[in-house]
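Below: the structure, in structure tokens.
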Amino acid sequence: MRTLMSGAAWVSYSQIYVQSAPVYPELSECFAGQRNGLCGAAVPGYLFLTTGLHTGEVGFTVELHEQAPPPDEAWEDVVEASFRPEGPASLVYWAGEGSWPLDLAQDVDYRVRYSAFGMDAAREQDTRLDDEPQLDRYLLQFWPSPPAPDAVVKQTSRYGVYWHAVASEQPLPPTPEERAAAEREQRAERERQREQQEEQAKLAALRREEREWGGRLPGERLRRTRGSALSLARLDRPLLDALAELDPADLRLIARWVVKRAYVQAQLADIDWIAPALAALERDQPLPAPFDDSPSLWDRLLNDRRVPRTTVTSLDGRHDNMRQQAMALPAILAAIDPDPLQAACGALWHAAVAFGRDACPMLFAEVRAAFPALLS
């Protein structure tokens with residue numbers, strides 16, 4: 001025989017546990033189908049132990065035997081049940097105030113004998129303070145033994161009789177087949193919930209995409225384009241849809257026209273180092289210096305005193321000091337994008353920014369007038 005624990009154990013609500021599985025069952029589950037109401041063993045890997053004292057410390061000893069120990073008539077109430085640890089076992093005080101590891105072999109069937117003394121007196125007192133004498137004590141004994149029904153070996157206390165009656169009123173535990181069916185149903189319900197959540201997430205994503213694209217989902221061609229096309233959709237979705245229907249040649253014509261119109265609006269078209277770039281764009285040739293080097297291009301624009309300095313209001317109305325020339329300059333770089341639709345969308349977006357909030361509608365009206373195909 002080995003003593004696994006001996007001393008005082010803290011109880012609350014007349015409960016203490018032996019736990020070897022991550023479960024926190026209800027009282028009715030622990031005593032389902034049992035005769036005794038002091039040692040609930042109906043939940044695998046778990047023992048629910050009833051005490052007389054409601055709150056405070058009780059005497060508690062845990063022993064491990066090689067075989068069934070002889071009965072001790074000094075105990076007033078004795079019950080037995082079967083227990084098989086499903087992991088490291090511990091004696092756990094109610095609500096986790098403390099625990100005591102028990103050196104029980106895992107995956108071994110044990111018989112458990114739970115003996116009690118003084119339950120009625122402890123129940124009548126209800127709560128024991130630290131300086132008060134001990135009223136009830138308990139002995140929990142384990143030994144290897146095949147599973148067998150629980151049993152009431154001895155009953156003396158009124159409190160023990162009461163809990164045996166409570167246990168007998170609990171419904172029978174589900175059969176293995178019923179447990180398996182319930183688990184299958186739970187898995188199926190979790191799968192249904194997962195599918196429902198995925199569907200809701202997809203619908204939410206579609207709604208977000210609709211808002212991003214100005215209230216209507218884009219076709220695959222626009223979805224691949226994104227970028228400036230997405231920005232353009234928030235300004236004029238019908239114009240964007242019309243652009244997406246045009247052939248590459250028409251899109252290139254629109255991109256060139258829009259760049260020229262933006263540069264005229266920003267008073268850039270006639271500057272001697274900019275005009276050659278517009279001519280190269282018109283002839284579908286590589287852009288000359290400094291348009292072939294971004295840092296040099298921006299340095300030239302910002303430091304050439306001949307470049308006008310006019311401002312426009314941003315399209316969202318938040319800024320009224322946007323330098324128009326800096327807003328227009330990227331239009332020509334967007335227009336040479338290898339993708340004709342991206343080129344037209346990019347050029348039109350930068351042109352719209354260069355026109356500013358007040359004149360942007362005029363730009364869109366002019367491009368529709370210049371290219372009637374955009375009116376359809």
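The figures that follow rest on heavy atoms only: side chains count, while hydrogens, waters and symmetry mates do not. The first residue in the sequence is number 1, and the count goes up from there.
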Would you check if there is a donor-acceptor pair between the side chains of T310 and Q325 at a distance under 3.5 Å?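 T310 and Q325 do have a side-chain donor-acceptor pair below 3.5 Å.
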
With sequence neighbours left out, what residues match [X] under ring-ring contact (aromatic ring centres under 6.0 Å, His included)?
X    : value
H319 : none
Y138 : Y114
F48  : Y17, F31

Partner set under side chain to side chain contact (heavy atoms under 4.5 Å, CB included) for [X], not counting sequence neighbours:
X    : result
S28  : E26, Q170
E282 : R256
R357 : T313

Less than 4.0 angstrom from a charged side-chain N to a carboxylate O is my criterion; do [X] and [Y] meet it?
X    : Y    : answer
E80  : R111 : yes
R221 : D241 : no
D150 : R35  : no
D284 : R252 : no
E63  : R2   : no
R194 : E199 : no
E212 : R208 : no

Residue pairs fulfilling ring pair (Phe, Tyr, Trp, His ring centres under 6.0 Å) with at least one residue in residues 54-79, sequence neighbours excluded: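 The answer is Y13-H54.
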
Quick one: CD on E220 to OG1 on T225, what's the gap to the nearest 0.5 Å?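 The OG1 atom of T225 is 9.5 Å from CD of E220, to the nearest 0.5 Å.
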
Find the distance between CG (L49) and OG (S14) and round it off to the nearest 0.5 Å.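 If I round to the nearest 0.5 Å, the distance is 12.0 Å.
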
Where the side chain of Y263 meets the backbone of V258, is there a donor-acceptor pair that is under 3.5 Å apart?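 Pair absent, no side-chain N/O of Y263 close to backbone of V258.
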
Sequence neighbours left out, what passes side chain to side chain donor-acceptor pair (under 3.5 Å) with [X]? Give chain and number order.
X    : answer
N303 : D299
N321 : none
T156 : none
E169 : none

Parallel, tilted or perpendicular, as decided by the 30° and 60° cut-offs, for the rings of Y159 and Y162: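 Parallel.
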
Identify the two heavy atoms, one from L104 and one from P85, that lie closest to each other, and give their separation to 0.1 Å.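 Minimum heavy-atom separation between L104 and P85: CB-CG, 4.2 Å.
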
Distance-minimising heavy-atom pair for L4 and D103: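 Reported closest heavy-atom pair: CD1-N, 4.0 Å.
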
With Q193, the side chain to side chain donor-acceptor pair (under 3.5 Å) member among E191, R190, Q197, E189: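 Of all the options given, the one that passes is E189.
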
Tell me which donor-acceptor pairs under 3.5 Å the side chains of residues 328-344 have, and how far apart each pair is, sequence neighbours excluded?
residue: D337; atom: OD1; partner: D339; partner atom: N; Å: 2.9
residue: D339; atom: OD1; partner: L341; partner atom: N; Å: 3.1
residue: Q342; atom: NE2; partner: S228; partner atom: OG; Å: 3.0

